[in-house]
Amino acid sequence: MKNEEISAAFQTLADVLEIKGANAFRVNAYRRASRIVEGLSADIAELSSSGAVREIPGIGEGTATLIEEYLETGKMSALEDERKSIPKGLIELLEVPGLGPKTIGLLWTKLNVRSLSKLKRALRGDKILELPGMGKKKVENIRAGVTAYESRSGRLTLGVVLPIGRRIVEELGRMREVKRIELAGSVRRYRETIGDIDVLVASTSPDRVIEAFTHLEHVEEVLAAGSTKASVRVSGALQVDLRVVEPASWGAALVYFTGSADHNVRLRGLAIDAGLKLNEYALLKGERAVASRTEEAVYSRLGLSYVPPELREDRGEIEAAMKDELPDLIELGDVCGDLHVHSDWSDGHATIEDMALACRRRGYRYMSINDHSKSLGIAHGLAIERLERQMEEVDALNARLRNFTVLKGTEVDILSDGNVDFPDELLERLDVVVASIHSGFAQSSDQITGRILSAIANPNVDIIGHPTGRLLGSREPYAVDLERVMNAAAESGTALEINAYHERLDLNDTNARRARDLGVGIVISTDSHRPDDLDSMELGVHTARRGWLRRADVLNARTLRSLRSWLRRADVR
DNA sequence: GCCGTTTTCGGCCCGACTGTTTTCAGTCG
């Protein structure tokens, strides 16, 4: 799918135009187009050929034409032309905190700043102080921004950020002055990566809360502190923003600071249409607040059913909420078991029994054990004889365990030639066969897609593990054609995994949504290697929620009995 | 650039903080 490439192209086009000082609304239109294309669950090539792309709100004549051009030629001529008109190094400078398009444009035209290194040189000289609007403090700020930019590690994964945010909430929440406190922003929406943490507090003593916030133990630097908001840096590069509002504004503020920006713009539009105004304090009719205390009240007054935070991305949730047709999303408590768990038989760090007991403590009724297969030597993959011994151990364990069942399974390697690492006679004796790729990542799209398609065609394979192989921040997905994989999986009744490990979350939200739309069964699994890893199920479930999944879409939200009847589907096929 | 049961032209979400400003521009979310 070209969705990501086209989204990136619009983003770059917006960056270039912004630096050149183009109309801000035009720039914003391209940014919006970028986010819309990124969030599409369908293949843009399909939408474009059927003409449906022009029906999407926010995609008009101009952007649709650019999309068509890209699909046809692999380029957007408008972007190529614009990109030539400014130095290449300027786009990167937009990432420097405190440095915006206006200042970049000024530095470029007046001081010939064309790159990060030239910016650093300019910051050392005196000429920069002669520019209009430039003073000593501003220069100092930009210098600090450059330092922060060079040391930043990019966006962090949700799994890393969430515990830090929750600790801050717990510490501040102990204050008498704090009436309510909650994480907002992308953390509350459970986005897979996080730029900064947003914390919202309701209090009648904002000064004291801000004072305490800026003096929290892990705060390394106070970036700003006013009478209602403050920003600090903790744990290296992570920024935390605090906003304090009156308790009466809690609901409106929580909507506002949860975002996303696109979702908020839509809400404001609805408010305007209804003769109202929405800001972070209230939904107003003239001067009078008509809703503000709870999120539910704000949505209700706008004629919408309550929109769960994970859906607030302007990906159709507004339209669905108008018609009261939002899906009843799966919840963590719906999960009945984990279908991808390792043990110390391969590269795990706990016994099968310890993993089983940890699952049972979480309220699950079953778990499958899926150690690696023989070819994955680095992970002590099991040879056939060892797997047979493990099956005997599982039988013995099940005889002892009460109210819990361990299913026999494997995470069998999909080899470079497309065969799986165990013979069918063996796979037939297992309950849960997860097939995954752990080698040959650099193969062509046809090769790697072909490998997965042959695994799907094997009736003994139940689930394709981490279908794109990506690792957030360190490894791009392999070149798999997911559209073909999903269609084949829907056809054969093979499930696709949402791997809940925080660096994987694979399938991601939009892919999970597309899979569900095509009728593919979904499994949410943790790929745990130790008992604590099982906690990442939360991330998997919220990724599924971002993909609009209901309980009925998720196979491991079924009872053991119902799950078994699905696992036996191959026999009756 | 996008959009329209008030509009095909003239709007486009709204406010806090900072620093450079004597009334506001730039950045950020």
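All of these numbers come straight from a predicted model, not from anything done at the bench.
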>> Could you tell me how far apart A:Leu270 (CG) and B:dG4 (P) are, to the nearest whole angstrom?
In response: 13 Å

> What does A:Leu99 touch in the nucleic acid at a heavy-atom separation under 4.0 angstrom: a base, only the sugar-phosphate, or nothing?
Replying inline: sugar-phosphate

> B:dG15 phosphate, OP1 or OP2: any side-chain N/O from A:Asn279 under 4.0 angstrom?
Replying inline: yes

>> For B:dC17 and A:Thr228 - does any side-chain N or O of the residue sit under 4.0 Å from the phosphate oxygens OP1/OP2?
In response: yes

>> Classify A:Arg243 by what it touches in the nucleic acid, base, sugar-phosphate, or nothing, heavy-atom distance under 4.0 Å.
In response: sugar-phosphate

> What nucleic acid atoms does A:Ala33 come within less than 4.0 Å of, heavy atoms only: base, sugar-phosphate, or nothing?
Replying inline: nothing

> Looking at B:dC14, B:dT27, B:dG1, which one has an atom nearest to any side-chain atom of A:Pro101?
Replying inline: B:dT27

> Within this structure, what is the CG-to-P distance between A:Leu93 and B:dG26, rounded to whole angstrom?
Replying inline: 17 Å

> Among B:dC14, B:dG15, B:dC2, which is the nearest nucleotide to the side chain of A:Tyr256?
Replying inline: B:dC14

> A:Ile272 has a side chain; which of B:dT20, B:dC13, B:dG26 sits nearest to it?
Replying inline: B:dC13

>> I want to verify a distance call: between B:dA16, B:dC13, B:dC12, whose nearest atom is closest to the A:Asn23 side chain?
In response: B:dC12

>> Under 4.0 Å, heavy atoms only, any strand: does A:Asp196 hit a base, just the sugar-phosphate, or nothing?
In response: sugar-phosphate

>> In whole Å, measure the gap between the C1' atoms of B:dC3 and B:dC13 for me.
In response: 16 Å

>> If I pick the P atom on B:dT20 and the same atom on B:dA25, what distance separates them, to the nearest angstrom?
In response: 16 Å

>> If you assign each of A:Arg54 and A:Glu280 to its closest nucleotide in DNA chain B, which residue comes earlier from the 5' end?
In response: A:Arg54

>> Holding to side-chain hydrogen bond (donor to acceptor under 3.5 Å, both in side chains), I want the full list of residues that pass it with A:Arg208, two or more places apart in sequence or in another chain.
In response: A:Glu177

> Is the number of heavy atoms from other residues, nucleotides or ligands under 6.0 Å of A:Asp273 CG greater than 12?
Replying inline: yes

> Which nucleotide in the set B:dC2, B:dG29, B:dG15 lies at the smallest distance from any side-chain heavy atom of A:Glu61?
Replying inline: B:dC2

> For the pair made of CG in A:Asp198 and P in B:dA16, what is the distance, rounded to whole Å?
Replying inline: 16 Å

> With rounding to whole Å, what would you report as the distance between B:dC14 and B:dC9 at their P atoms?
Replying inline: 25 Å

>> Under 4.0 Å, counting only non-hydrogen atoms across every strand here, what does A:Ala224 touch: a base, just sugar-phosphate, or nothing?
In response: sugar-phosphate

> Which whole number of Å gives the distance between the C1' atom of B:dT27 and that of B:dT21?
Replying inline: 16 Å

> Is there a salt bridge (charged side-chain N to carboxylate O under 4.0 Å, His left out) between A:Arg54 and A:Glu68 once you walk through the steps?
Replying inline: CA-CA 11 Å; A:Arg54 279 181 162 75; A:Glu68 283 156 11; 2.6 Å; yes

>> Side chains of A:Asn511 and A:Arg513 only: does a donor on one sit below 3.5 Å from an acceptor on the other?
In response: no

> Taking the chi torsion of B:dT22, is it syn (within 90° of 0) or anti (everything else)?
Replying inline: anti

> Any idea how A:Tyr299 and A:Tyr306 line up, ring-wise: parallel (<30°), tilted (30 to 60°), or perpendicular (>60°)?
Replying inline: perpendicular

>> Under a 3.5 Å cut-off for both contacts, is B:dT8 paired Watson-Crick or G-U wobble with anything, and if yes, with which nucleotide?
In response: none

> Looking at B:dG29, B:dA16, B:dG19, which one has an atom nearest to any side-chain atom of A:Asp241?
Replying inline: B:dG29

> Heavy atoms under 4.0 Å, any strand shown: does A:Pro132 hit a base, just sugar-phosphate, or nothing?
Replying inline: nothing

> Of all the choices, B:dT20, B:dC14, B:dC17, which nucleotide is nearest to the side chain of A:Ser227 once you look at every atom?
Replying inline: B:dC17

> For A:Tyr281, which contact category applies under a 4.0 Å heavy-atom criterion: base, sugar-phosphate, or nothing?
Replying inline: sugar-phosphate

>> I need the CZ-P distance between A:Arg312 and B:dG29, as an integer number of Å.
In response: 20 Å

> At under 4.0 Å between heavy atoms, what does A:Ser231 touch on the DNA or RNA strands: base, sugar-phosphate, or nothing?
Replying inline: nothing

>> Suppose you measure atom C1' in B:dG1 against the same atom in B:dA16; what distance do you get, rounded to whole Å?
In response: 28 Å

> Rounded to the nearest 0.5 Å, how far does CZ of A:Phe257 lie from CZ of A:Arg243?
Replying inline: 3.5 Å

>> Does a side-chain N or O of A:Arg26 approach OP1 or OP2 of B:dG1 to a distance below 4.0 Å, or not?
In response: yes

> Is there a side-chain polar atom (N or O) of A:Lys137 under 4.0 Å from OP1 or OP2 of B:dG26?
Replying inline: no

>> Apply side chain to side chain donor-acceptor pair (under 3.5 Å) to residues A:Arg312 and A:Ser260 and explain how you reach the verdict.
In response: CA-CA 6 Å; A:Arg312 300 182 192 173; A:Ser260 64; over 6 Å; no

> Cut-off 3.5 Å, side chains only: do A:Tyr190 and A:Glu538 have a donor facing an acceptor?
Replying inline: yes

> Could you state the CG-P distance from A:Asp15 to B:dG1, rounded to the nearest angstrom?
Replying inline: 17 Å

>> Can you measure A:Ile318 atom CD1 to B:dC13 atom C1' for me and round it to whole angstrom units?
In response: 13 Å

>> Need to verify one output field. Residue with the more 5' nearest nucleotide on DNA chain B, A:Thr63 or A:Leu94?
In response: A:Thr63

>> Rounding to an integer number of Å, can you tell me how far A:Ile59 CD1 sits from B:dG1 C1'?
In response: 10 Å

> Would you call A:Arg35 and A:Glu313 a salt bridge, taking side-chain N to carboxylate O under 4.0 Å as the test?
Replying inline: no

> Rounded to the Å, how far apart are A:Asn28 CG and B:dG11 P?
Replying inline: 18 Å

> NA contact type, A:Asn264, heavy-atom cut-off 4.0 Å: base, sugar-phosphate, or nothing?
Replying inline: nothing

>> Work out how far the P atom of B:dC2 is from that of B:dT6, and round it to whole angstrom.
In response: 23 Å

> Which one, B:dG29, B:dG19, B:dG1, comes nearest to the side chain of A:Asn141?
Replying inline: B:dG19

> A:Tyr30 near the nucleic acid: base, sugar-phosphate alone, or nothing, with a heavy-atom cut-off under 4.0 Å?
Replying inline: sugar-phosphate

> With rounding to whole Å, what would you report as the distance between B:dG10 and B:dC17 at their C1' atoms?
Replying inline: 31 Å

